[in-house]
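In what follows, a single structure is set out as C-alpha cells and then discussed.
Residue numbers begin at 1 in each chain, while the letters A, B, ... track the order of the sequences.
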Amino acid sequence: MTSRDEPEQGALLGLDDVGGRRRAPRSSAVEVADVDPVARVVLDLQPAHLDREYDYLVPAAMADDAVPGARVRARFGPQDVAGYVVARAATSDHDGRLQPLRRVVSADPVLTPAVLDLARRVAARYAGTVADVLRLAVPPRHARVEAEVLARLAEWAEADGAARPAADGSADRAAPGAAPRPAAPGGDGWPEVWTPYGTGEAFCRHLLAGQAPRGVWSPLPGLQAAADDAPARVPHWAAAIAQAARVTLAGGRRALVVVPDARDVDRVCTALGVAGVEEVERLQADDGPAPRYRAFLHARHGLASVVVGTRAAMFAPVPDLGLVVLWGDGEETLDEPHAPYPAAREVLAMRSEAEGAGFLLGSPGRTVQAQAMLARGWAAEIAAARAVVRARSPRVRALTSVELAHEGPGAAARLPTAAWRTARTALDRGPVLVQVPRTGYLPVVACAACRTAARCTHCHGPLGLGGARATPQCTWCGRLAGTWRCEECGHDRVRAVRVGSERTAEELGRAFTGVPVRVSASSAPGGILASVAADPALVVATPGAEPVAEGGYAAALLLDAATATAGTDLAMATRALHRWIAAAALVRPGPDGQVLLVGDAAPAPTGALVRFDPAGLAERELDERRELDLPPAVRVAAVTGDPDAVRAVVDRVELATPETVLGPVDLPGDDRLEARVRTVLRVPLSDGAELANQLRASLAVRSARREGGTARVQIDPQEML
DNA sequence: TCAGATGAACCC
DNA sequence: GGTTCATCTGAT
C-alpha cells in the first residue's frame, strides 16, 4: 500500500493555496515524505466528540520515525497535543488542509495494533473514548529508560544476529522465552499441579497446542509443597498459574498474569521461579515511572515471556499472547477507577478473544460475572472433584448464635468460648490467623428477623436510610419502601445494621496472654505482611492482607461474620465468601487445620463456606439475579452528576424509557455545592452494546454543546454488581 | 434589503 | 457531534 505514482501530491494534500478560505500561515512548502505522506493519528483529547482519528502530513524528516505506534505531537487548533500514529497512508479523506506533524516524540512503536484494537473495544463497551483507554494502557514515557532499553536491544541484535522484534509487535524469536523443559502430556515436566482438576489437563493441552481454551477455575486451597524439604510457602493457586504459563511458553507463546496487588505479583513471580520460568517481567504502577516503563518496554519488545502485574497490566503489549490469567476476580482493585472504568475481567476476556489467547480466571471465591461466563458457555469450569476439595480443605465450622445457644449469654460475644478454645489448642501446632472486617461504617437496611439485606419491591435495588428519613428508600430508583416484606422470610420489619470493627488486636492480646500478636493491615504500624513464620502466633489481618504462613496456619478465626454479609451492594454474599475462603485457603488441611466462622452471617454464604463451595453460591446468586432482573443478567449503566447534566445525558438516550430508567436518586453523603444524583439505566443484555453506543453519543453531544456541570457514565458500576 | 436557509469549517 | 460563520436564496 505504499509505493505508487505520485500525482500532484501537493494539490491532493491541500498544500496549494487553491480553494483555501484562509491562507496557510507559514510557507506552504513543507517538504513531505515521499512515501505515505499522511499519518493517521489518535490524539489525547478529552472531549468525547473529538474521539476520532486525525490526518497529518508527515514531513520528510520524520518519514522514517513516524511509524504506526509512535508517539507524536501535533497541532490541534491552538494547542500542541500528544498522540500516536496509528497508520500511514498515501492520501487523506480530509477535505481541508492538513497540518504537518509537529514532532515524533519517539520512533519506538509503543502502541501496538493489538492494544489499539483493544482500546477501541473497551471504549465501545464502556461508553468511553479511545484516548481515555489509551491513557490507562500506555504508561508515561521515560526517556532515559527508553534509551537504555533500545540500546540494549540494538546491542543484542548485533551480537547474536537476531533481528530485533518487528515494529508491528510480531516477535521474531521463534519460541518466546526459554521453555524450561519440554512439556508434553504425560511427559517430563507436564504440570501435575493441574491433574486434580478434571478439565485442567485438557486446558493445558490446548494451551500447549496453541489454542485458546477458556476456563473459570476454582483453585484448591493450601500451599504447594516445595520440591525440597523447605517449608511450603507458595500458594497452590500461584503454582498452578505458573505451570499454566510454562505450558503456554512450551507451546511457543507468551503469557500475561493480572493479580489484585503487589504481594500477589510476588507470589506468582516466586512460583514462576520455582517452575523454572525465566524472563518474567513485573509490571506494577506503584513501582514508579522508570521501572514501570522499563517493564512495559520489555513486554512490548518481547523480552518477557511472562508478564505479571496489577490492574493496568491488563493492557500490557505482549506479542504472541497465548494466555491471559486473571487471579482474584472479585477483588475491588481489579476494577479500574479511572474513566471509562473498565473491569479487568471484561478487558481480559475481550483480549483473549481478539488475540486468540487462552483465558484463565481464578479466584478463591466466584463472582456472579464469572459464573455467567460459564452459564452462557463462554468458558468451561475447571474444578476438582468434591472428594479432592474435602481432602485438601481445613475443617470449617460456623459458630452461629444457634450453634452456641448452650453457651448462654457468652454466645453473643465477639470471641465466644468455643472459638477461644479452638485457637488456644491450635496455637500449640502453629500460627493462628484472625480475620477481621475492615474498619468502617455502613448504613444498611436488613430484615429485622432473618438479616437478609432488604431490597426494593419495585426494582430490587438495595434499600438505604437516607438522612433523617425514617422510611427506608431504594438507593437505585428512590422509591420509599413503605410496604416492604422480606423475600426470604416474609417478615415486614427492617432494621439498620451498622458495620464497624476496631481494637481487635488489643482484645486478642488480652485474651491470649503470652502469645505474640502480629497485625497485618494497611493501617497497622508494620503495614501488610507478606508472610509469617511457622511459630505459634496470632496473626490479625484484614481481608486481602492475610500473610502466608510457612507450612500453613493451624487455624483461622473469621470474626464478625455478620458484618461481612451486611452491605448495600449485591456482591455482598459472594465477596464475603471470597474473603473467607481466601483466609481458609492458607490453613492446613483438616483435621490439622480448622476454620471457625464467628457470628451470624447470612445463611447462604455461611453454608457455602462450610461446604467450601464458591461455585454453588455463585450459581444460586446468578439464578436470583436472573429472576430479579439484576446484573449480570441485565446490563446497567449509572449516570452520576449534577441533576441537570444527568437529565440532559439521559434524555438523549433512546433506550431510556420509563421501563429502563431508575431514579434519579440523591446520592447520600455528599454535601458539596452542587447536588449530586444518580440515574440508573437497566436494559436487557442484548441491548447492552446499543446502550453504550447511545450513552457515548449523548456524551459527545454534551461535550460539543459545552453543557455545564458534571456527568459521569459508568457501565456495570462496581457498587451495583 | 434582509430574514431565513444551507452548508462548510471548526478541530485533521 | 453541535456551533458558528459565510454565503446563497427568495420574498418583500
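- Atom-to-atom, CG of A:Leu43 to C1' of C:dG1 comes out at 16 Å; the value is rounded to the nearest Å.
- Between A:Asp55 atom CG and B:dA9 atom P the separation is 15 Å, expressed in whole Å.
- Stem list for DNA chain B (at least 3 consecutive Watson-Crick or G-U pairs, distances under 3.5 Å): B:1-10 with C:2-11.
- When the P atom of B:dC12 is taken as reference, atom CZ of A:Arg52 falls 10 Å away, rounded to whole Å.
- One can place CZ of A:Arg706 at 10 Å from C1' of B:dC10, the figure rounded to the nearest angstrom.
- Note: NE2 (A:His94) to P (B:dA9) measures 8 Å, nearest angstrom.
- A:Pro342 approaches A:Phe315 most closely through the heavy-atom pair CG-CZ, 4.4 Å.
- Contacts of A:Phe76 with the nucleic acid, taken as non-hydrogen atoms under 4.0 Å apart, include base atoms.
- With rounding to whole Å, A:Leu45 atom CG is found 13 Å from B:dC10 atom C1'.
- The shortest distance between side-chain heavy atoms of A:Val72 and A:Met62 does not fall below 4.5 Å.
- Rounded to the nearest Å, the gap between the P atom of B:dG7 and that of B:dC11 is 22 Å.
- What separates CZ of A:Arg102 from C1' of B:dC11 is a distance of 16 Å, to the nearest Å.
- A donor-acceptor contact shorter than 3.5 Å is absent between the side chain of A:Arg652 and the backbone of A:Val701.
- Considering only side-chain atoms of A:Leu98, the nucleotide from C:dT3, B:dC12, B:dC11 that sits closest is B:dC12.
- The shortest distance between side-chain heavy atoms of A:Pro684 and A:Arg635 does not fall below 4.5 Å.
- Here the nucleotide nearest the side chain of A:Arg705, chosen from B:dC12, B:dC11, C:dT3, is C:dT3.
- A salt bridge is absent between A:Arg676 and A:Asp666; no separation between the charged side-chain nitrogens and carboxylate oxygens falls under 4.0 Å.
- In this structure, A:Ala48 reaches neither bases nor backbone, as no heavy-atom distance under 4.0 Å exists between it and the strands shown.
- Residues A:Tyr84 and A:Arg40 have side chains not in contact (no heavy-atom distance under 4.5 Å, counting atoms from C-beta outward).
- Looking at the side chain of A:Ala700, the nearest of the listed nucleotides B:dC12, C:dG1, B:dC11 is C:dG1.
- Two residues are said to be in side-chain contact when any heavy atoms from C-beta on lie closer than 4.5 Å; A:Arg121 and A:Arg351 fail this criterion.
- Comparing atom distances between the A:Ala697 side chain and each of B:dC11, C:dG1, C:dG2 picks out C:dG1 as nearest.
- When the C1' atom of B:dC11 is taken as reference, atom CD of A:Gln46 falls 15 Å away, rounded to whole Å.
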